[in-house]
Amino acid sequence: MTRLRVAVLASGRGSNLGALIEARARGQLDIDIGLVASDRADALALAHARSAGIATVALNPKSFDRRAAFDHALFAEVAKVQPGLIVCAGYMRLISADVVADWLGRMINIHPSLLPAYPGLNTHARVLADGAKEHGASVHFVTADLDAGPVIAQARLAVEADDTPERLAQRLLPLEHQLLVATVARFAAGRLALTARGVSLDGAPLPGPLVLNPEGNLE
Ligand code: GRF
């Protein structure tokens with residue numbers, strides 16, 4: 001099987017991208033990262049990519065008169081590397097529905113909540129404000145609705161009494177990294193797909209999201 005080529009979209013610090021790069025370097029993730037694309041030229045993720053020898057592109061949304069025009073331009077750059085998978089890793093923009101449709105089943109996102117709970121921003125603060133006992137992260141296929149596509153896998157984390165939004169985010173982050181690496185590895189092995197009936201694993205419909213176990217594997 002040829003190695004999966006991945007394009008990563010990131011707007012910020014790029015620690016999830018870093019986790020993919022490190023897993024690949026350790027020999028735990030058999031992928032090529034063909035491109036890191038961003039809506040922010042100053043994203044730390046781009047510096048991370050460059051120092052790992054990965055090609056980068058950044059386009060400024062303000063240079064385009066419509067959101068869709070920006071998306072088409074950015075995804076035209078992404079398409080040039082012919083990725084088998086696009087990973088949104090802290091990519092902070094909504095993507096136009098027609099662009100999402102072009103990549104349906106080939107684009108995933110990592111989100112810091114146990115979806116379908118807490119889509120959108122400020123998830124850690126909202127979890128604490130609600131007094132929720134459990135938090136976590138989800139990797140899902142991207143569909144046109146924000147953070148609402150079929151969930152592939154989740155990492156769960158018990159909320160602690162002295163958690164602040166910052167502490168909770170900090171405790172969750174290493175789990176996000178393991179979750180993303182493990183999910184991309186499953187995809188790279190050709191085991192995951194999006195079908196009309198939802199997520200399938202090894203050709204069979206997944207009854208519910210895979211769960212990250214303490215060893216860092218999905219079960
Ligand atoms: C992560 O919490 C991710 O789940 C969310 O944005 C954050 C990005 O972090 N979508 P990083 O840029 O990967 O460090």
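Just so it is clear, the values below take in all heavy atoms, side chains as well, and ignore hydrogens, waters and symmetry mates. For ligands, and for the atoms within them, numbers begin at 1 and follow the listed sequence.
- The nearest heavy-atom contact from the protein to atom 5 (C) of ligand 1 is P112 CD, 3.8 Å.
- When the heavy atoms of G14, G12, G90 are ranked by distance to atom 12 (O) of ligand 1, first place goes to G14.
- Checking side-chain atoms of T164 against main-chain N and O of R167 turns up a donor-acceptor pair under 3.5 Å.
- Looking only at side-chain heavy atoms (C-beta outward), S113 and V127 stay at 4.5 Å or farther from each other.
- At a 4.0 Å cut-off, not a single heavy atom of A137 sits close enough to ligand 1 to count as contact.
- Taking atom 9 (O) of ligand 1 as the reference point, the nearest protein heavy-atom neighbour is R13 NH2, 3.3 Å.
- Ionic pairing of D32 and R3 is present here: one or more N-O contacts between side-chain nitrogen and carboxylate oxygen are shorter than 4.0 angstrom.
- The ring pair (Phe, Tyr, Trp, His ring centres under 6.0 Å) contacts involving residues 115-135 comprise H124-H135, where partners must be two or more places apart or lie in separate chains.
- Of the protein's non-hydrogen atoms, the one nearest atom 11 (P) of ligand 1 is S15 N, 3.4 Å.
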Does the salt bridge (charged side-chain N to carboxylate O under 4.0 Å, His left out) test come out yes or no for D202 and R191, once each step is laid out? CA-CA 5 Å; D202 299 330; R191 300 181 59 189; 2.8 Å; yes
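- At under 3.5 Å, a nitrogen or oxygen of N16, whether backbone or side chain, sits near a nitrogen or oxygen of ligand 1.
- Residues I110 and N16 approach most closely at CD1-OD1, 4.0 Å, considering heavy atoms.
- Under 4.0 angstrom from ligand 1, the non-hydrogen atoms of E176 all belong to its side chain.
- By the ring pair (Phe, Tyr, Trp, His ring centres under 6.0 Å) test, F70 is found to be paired with F64, residues two or more places apart in sequence or in another chain being considered.
- The distance criterion of under 3.5 Å between nitrogen or oxygen atoms is not met by L17 with respect to ligand 1.
- Among N109, I110, L20, V139, the residue whose heavy atom sits closest to atom 10 (N) of ligand 1 is I110.
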